K.L.:
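My questions all concern the structure below.
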Amino acid sequence: MEIKRRDFLKVAAGGGLMLAAGSQQADARASLERLPDALGILYDATVCIGCKACVSACKQNNEMPPDFSSPDNLWDNPLDLSSKTLNVIKLYQDGDASSKDQEAGGYSYVKRHCMHCVDPACVSACPVSALTKDPETGIVGYHKNACIGCRYCQIACPYNIPKFEWDDPFPQIRKCQLCDHRIAEGKYSACCEFCPTGASIFGRVEDLLLEAKKRLTYEPGTYQTYPIGTVDSTYSVERKVTPYLNHVYGEKEGGGTQYLVLANVPFEKLGLPKLRELPIAARSEGLHHTIYKGLIAPIVFLGGLLYVVHRNTKKDE
Ligand code: SF4
Ligand code: SF4
Ligand code: SF4
């Protein structure tokens, strides 16, 4: 007995139709809300001077090895996030890059690390709960002993954050965990503590959002007070305000993030993607749960195959 290619395709098409019907009816599950005591970081690209003190502090405080991305192999100079680098300062530039924070003919820094999404796709995709969201702080943490190395989190993350240790015989996923070990000791994120300008500040996301929105009301050219280290710090600096795009990145993108960004160059040009407000996790979980509800699609597919086998066996007899 032989299953003809045409019969197989018919069954597969039937299964496909079921999948399509399922996806049409799939309702996204309710999005997770930002936790009242969620902790995070506000990064203001207009304040950043690109000194990379935050990158060094991150390495030192998270015991990360040097990353020799530069061709001369002389010093730790990461060009992007990797399994050795949890935080990186990247550069946007256009034309002769003569003016800071200008899209045309200018340049801008951007600090990239885990966004600590309000409704994280990596947590939703991980089949063994090796990635979890803290119920109080909202920090997205990683548990190496639970991880099976499937790397679903890498595929799921819309920001391309989790990195895999390809060069390690016992590989782990690496990503920023908001320095939760320091927070447990009463400190805060190293990248914020060692930022000399206040471009990166730590705090409750609610307070960071208020601070970000306040900055958007500042008149360019006026002098304003910018806190250093934490949003409620007693240390601050007076600086001349430069223009901002009227948007807080991370307030709503992908359901919101706990890492917020202000800039004057369009966020997409800084590598921050345009995302719908509905989190990817809410959409994909709704779809998967509909398709696999009662194992509908696999049962239809197997049932179809059994029917073809049965029919062909009868013909043979
Ligand atoms: S940015 Fe990526 S790795 Fe970080 S919490 Fe969001 S989905 Fe997870
Ligand atoms: S919060 Fe900690 S781990 Fe995350 S980027 Fe800052 S220093 Fe690195
Ligand atoms: S330490 Fe602060 S000013 Fe320096 S690169 Fe990092 S965010 Fe920018």
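Quick caveat: nothing in here was measured; it's all calculated off a predicted structure. Every number for a ligand or one of its atoms is a count from 1 in the order of the listing.
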K.L.:
Yes or no: does N61 have any heavy atom under 4.0 Å from an atom of ligand 2?
P.N.:
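No, that is not the case, since the closest heavy atom of the residue is not under 4.0 Å from the ligand.
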K.L.:
Answer yes when E103 and K269 have at least one side-chain N-carboxylate O distance shorter than 4.0 Å, and no when they do not.
P.N.:
yes
K.L.:
Could you tell me whether atom 8 (Fe) of ligand 2 has an N, O or S atom of C54 under 2.8 Å away?
P.N.:
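No, C54 does not qualify, because none of its backbone or side-chain N, O or S atoms lies under 2.8 Å.
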K.L.:
When you compare the side chain of N264 with that of Q102, does any pair of heavy atoms fall below 4.5 Å?
P.N.:
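Counting from C-beta outward, Q102 and N264 do come under 4.5 Å.
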K.L.:
Are a donor atom and an acceptor atom from the side chains of Y107 and D101 found within less than 3.5 Å of each other?
P.N.:
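On atom types as modelled, these side chains do not qualify, holding no pair under 3.5 Å.
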K.L.:
If you have a sec, work out which protein heavy atom is nearest atom 2 (Fe) of ligand 1 and how many Å separate them, to one decimal?
P.N.:
C157 SG, 2.3 Å
K.L.:
What part of N62, side chain, backbone, both or neither, has a heavy atom within less than 4.0 angstrom of ligand 2?
P.N.:
side chain
K.L.:
Can you classify the ring geometry of F267 versus Y249 as parallel (below 30°), tilted (30 to 60°) or perpendicular (above 60°)?
P.N.:
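Plane angle between 30° and 60°, so tilted.
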K.L.:
Show which atoms of ligand 1 fall inside a sub-4.0 Å distance from at least one heavy-atom site of P162.
P.N.:
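Within the 4.0 Å cut-off of P162, ligand 1 contributes 3 (S).
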K.L.:
Enter the distance from I161:CD1 to Y259:OH here, rounded to the nearest 0.5 Å.
P.N.:
9.0 Å
K.L.:
Tell me, which protein residue and heavy-atom name are nearest atom 8 (Fe) of ligand 1, and how many Å apart are they?
P.N.:
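Checking every protein heavy atom, the shortest distance to atom 8 (Fe) of ligand 1 gives C122 SG, 2.3 Å.
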K.L.:
Does any N, O or S atom in C179 come within less than 2.8 Å of atom 2 (Fe) of ligand 2?
P.N.:
yes
K.L.:
Quick check: does C191 put an N/O/S atom under 2.8 Å from atom 4 (Fe) of ligand 2?
P.N.:
no
K.L.:
Charged N to carboxylate O below 4.0 Å: is that the case for D167 and K84?
P.N.:
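K84 and D167: salt-bridged.
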